[in-house]
Amino acid sequence: MRIPIKEVTSGTAQAEVIGWVHEVRDLGGLTFFLIRDRTGILQVTIPKKKVGDEVLAAIREVSRESLVRVRGSVKAIEKAPGGRELVPDSFELLARSESPLPLDVVEKVPADLDTRLDARFLDARRPRVTAIFQIRSAVTRSVYEYLFPRGFVNITTPKVVAAATEGGTELFPIAYFEKEAFLNQSPQLYKQMMMAAGFEKVFEIGPIFRAEEHNTTKHLNEATSIDVEVSFADHLDVMRLLEDLIVHIYRFVQDQCADPLEALEIGELAIPDTPFERLPYPDAIDIAAKATGEPISYGDDIGTVAEKAIGEHMGAHYFITDWPTAIKPYYAMPCEDDPSVCKAFDLMHPRMELSSGAARVHLHDLLAHQIRAKGLSPENFEFYLTPFRYGMPPHAGWGLGAERLVMTMLSLANIREAVLFPRDRHRLTP
RNA sequence: GCCCAGGUAGUGUAGUGGCCCAUCAUGUCGGCCUGUCACGCCGACGACUCGGAUUCGAAUUCCGACCUGGGCGCCA
């Protein structure tokens, strides 16, 4: 009966494991194999004079990264990794690996990210990479475990859509029978329609597509968005929800992912403190102007240099609030006392933006007005605008970038490290 | 869209006009080795993205193509 390598301890008598050949050290009369599965690494020691001919024949055939099944007795040995080793009665080659390998799994020689992504299946055998995706899975799970008990309904919305509804970013056109269609940039409009449907609290974790030709370490053309929308809530409510969720995710990962965190040499995650600081937009641009010496006018977007300067100044997660209405999307609700300011916010990690959200415009005429004010025509938004004429509740929500969350949590240098098969300007395979 | 940088064995690199039929490491193959843990030692194998130009001579300079990384704008 095969067991995970992690479960082989110095107290185990007999064990059968299946894994990949991580390393081989042949000392002549004695050969050491390191066998790896997703749970860990086990040393298999072969004293050539004391094992059968079948074992000797098998080990002549194996190459690095071949898949093998080994059965034998476990010995507690202090000088072996993990304090135990396996001396095989049987050593079976299940699937031979060709050589040379496209990249060095043991990482004696580093591989470029590009090379690694070309051979992602092999790259992902590396304990460090396995750990990233075990943690990413835990992040997703913790979102479900946070939202379901709070009454959220998990929805899925179309990724194939008819028109560029939000404006701003570029969309990927696709062929949809005889019609023109696009890949959706965000579930935004559909989440809002479900507010009209009375679902009250919805969320979706799904792909979003942006056809921007950017080429940076923090952008993807296909990303994963954790999207939330809540009726009878305003921006302040959903900001509290968001910061509480972030802390919940960090705690969950800290509790559940000790081994992966160890593999990443992180050990203890720094759990963010709540409440996150609320930094009004005018203060944010002041900080940036002072830090960079570059003047920033009210109403300017906060560029990368400014964002970095503000992040260094803040040193922890924070919200930017009180945004000028002019530089936020049409669906952000303007403040009653000063409509030039809106109820939108961005959640920032010191390194980058993680999420943006707002209290939404739920009044049909105001929404139509704001769409026109952005130079868009309400006629193209009929499917979206109609629900606002039939009892749309006030609501608020946000979208949180899953890859950026994982990337900042684990201090990854490149967002592509947080996706198994990233889609960027140049990469469409694997 | 704009700007910068770069393409040398499977992988990561050195080499900026002749000292290079190309450095080092890792790998692969062969040999020696019974406690390695980046095992060690000996030997071998394996590469200048493509096309054109300059030159007595080009991995190296120039032009073009192709490919790639990064920065900015914008954004999650």
Worksheet item: Considering only side-chain heavy atoms of A:D112, which listed nucleotide, B:rG70, B:rU11, B:rU13, is closest?
Response: B:rU13

Worksheet item: When all nucleic acid strands are considered with a 4.0 Å heavy-atom cut-off, which category describes A:D346: base, sugar-phosphate, or nothing?
Response: nothing

Worksheet item: Under 4.0 angstrom, heavy atoms only, what part of the nucleic acid is A:A223 near: base, sugar-phosphate, or nothing?
Response: base

Worksheet item: Given B:rA76, is OP1 or OP2 found less than 4.0 Å from the side-chain N or O atoms of A:S356?
Response: yes

Item to complete: Report which part of the nucleic acid A:T224 touches: base, sugar-phosphate, or nothing (heavy-atom distance under 4.0 Å, all strands).
Response: nothing

Worksheet item: C1' atom, B:rA5 versus B:rA58: distance in rounded Å?
Response: 22 Å

Worksheet item: Between B:rU26, B:rC37, B:rA38, which one does the side chain of A:Q43 approach most closely?
Response: B:rC37

Worksheet item: What is the distance, rounded to the nearest whole Å, between atom CG of A:N414 and atom P of B:rA76?
Response: 19 Å

Worksheet item: Side-chain donor-acceptor pair under 3.5 Å between A:T224 and A:R136, yes or no?
Response: yes

Response to the item:
Separation of B:rC75 atom C1' from A:E213 atom CD, nearest Å, is 15 Å

Discussion item. On the side chain of A:E85, is there an atom forming a donor-acceptor pair with the base of B:rG35 - under 3.5 Å, no angle test?
Written reply: yes

Discussion item. Considering every strand and a 4.0 Å limit on heavy-atom distances, what is the contact class for A:E307: base, sugar-phosphate, or nothing?
Written reply: base

Fill in: Counterpart base for B:rC20, defined by Watson-Crick or G-U wobble contacts under 3.5 Å
none

Worksheet item: Is there a side-chain polar atom (N or O) of A:T115 under 4.0 Å from OP1 or OP2 of B:rG12?
Response: yes

Discussion item. Please tell me if A:N215 has a side-chain N or O lying less than 4.0 Å from either OP1 or OP2 of B:rU68.
Written reply: no

For nucleotides 42-46 of chain B, which of its nitrogen or oxygen atoms have a protein nitrogen or oxygen under 3.5 Å away, and what is each distance?
none

Worksheet item: Are the aromatic ring centres of A:Y281 and A:F345 under 6.0 angstrom apart?
Response: no

Discussion item. Measuring to OP1 and OP2 of B:rG70, would you say a side-chain N or O of A:R416 lies under 4.0 angstrom away?
Written reply: yes

Fill in: Phosphate OP1/OP2 of B:rU36: any A:T31 side-chain N/O under 4.0 Å
no

Discussion item. What contact category does A:D118 fall into here, base, sugar-phosphate, or nothing, at under 4.0 angstrom with non-hydrogen atoms?
Written reply: nothing

Discussion item. Heavy atoms only, 4.0 Å cut-off, all strands: where does A:P110 land among base, sugar-phosphate and nothing?
Written reply: sugar-phosphate

Worksheet item: For the residue pair A:D37 and A:I18, what are the closest heavy atoms and their distance?
Response: CB-O, 3.7 Å

Discussion item. Please tell me if A:K49 has a side-chain N or O lying less than 4.0 Å from either OP1 or OP2 of B:rU34.
Written reply: no

Practice prompt. Taking atom C1' in both B:rU16 and B:rU60, compute the distance separating them and give it to the nearest angstrom.
Written response: 5 Å

Response to the item:
side chain to side chain donor-acceptor pair (under 3.5 Å) pairs touching residues 405-415 of chain A, sequence neighbours excluded, are A:N414-A:R416

Discussion item. For A:N184 and A:Y190, which I'm curious about, is there any donor-acceptor pair between the side chains at under 3.5 Å?
Written reply: no

Item to complete: Would you please test A:D114 and A:R427 for salt bridge (charged side-chain N to carboxylate O under 4.0 Å, His left out) and show each step?
Response: CA-CA 9 Å; A:D114 203 43; A:R427 182 171 290 280; 2.7 Å; yes

Worksheet item: With a 3.5 Å cut-off and no angle check, do the side chains of A:H395 and A:Q192 form a donor-acceptor pair?
Response: yes

Worksheet item: What is the nucleic acid contact for A:I226, judged by heavy atoms within less than 4.0 Å: base, sugar-phosphate only, or nothing?
Response: nothing

Worksheet entry | A:T304 side-chain proximity, nearest of B:rC33, B:rC72, B:rG12 | B:rC72

Worksheet entry | Length of the CZ-C1' vector between A:R84 and B:rG35, whole Å | 16 Å

Discussion item. Among B:rC33, B:rA76, B:rG73, which nucleotide has an atom closest to any side-chain atom of A:R210?
Written reply: B:rA76

Worksheet item: Starting at the 5' end of RNA chain B and moving along, which residue's nearest nucleotide shows up first, A:L220 or A:D424?
Response: A:D424

Discussion item. Taking 4.0 Å as the cut-off, does a side-chain nitrogen or oxygen of A:R64 come that near to OP1 or OP2 on B:rU28?
Written reply: yes

Fill in: Base of B:rC67 paired with side chain of A:H426 (donor-acceptor, under 3.5 Å)
no

Fill in: Residue pair A:I35 / A:I41, side-chain heavy-atom distance below 4.5 Å
no

Worksheet item: Would you say a side-chain N or O of A:S99 is under 4.0 Å from OP1 or OP2 of B:rG27?
Response: no

Worksheet item: So what does A:L354 touch, heavy atoms closer than 4.0 Å: a base, only the sugar-phosphate, or nothing?
Response: sugar-phosphate

Worksheet item: Is the A:Y331-A:F381 ring centre distance short of 6.0 angstrom?
Response: no

Worksheet item: With a 4.0 Å cut-off on heavy atoms, is A:I77 in touch with a base, just the backbone sugar-phosphate, or nothing at all?
Response: base

Worksheet item: Between A:A80 and A:E23, which has a closest nucleotide on RNA chain B that is more 5'?
Response: A:A80

Fill in: Aromatic contact, A:F182 with A:F209 (centres under 6.0 Å)
no

Worksheet entry | Side chain of A:I415 (C-beta onward), nearest among B:rC72, B:rA76, B:rU36 | B:rA76

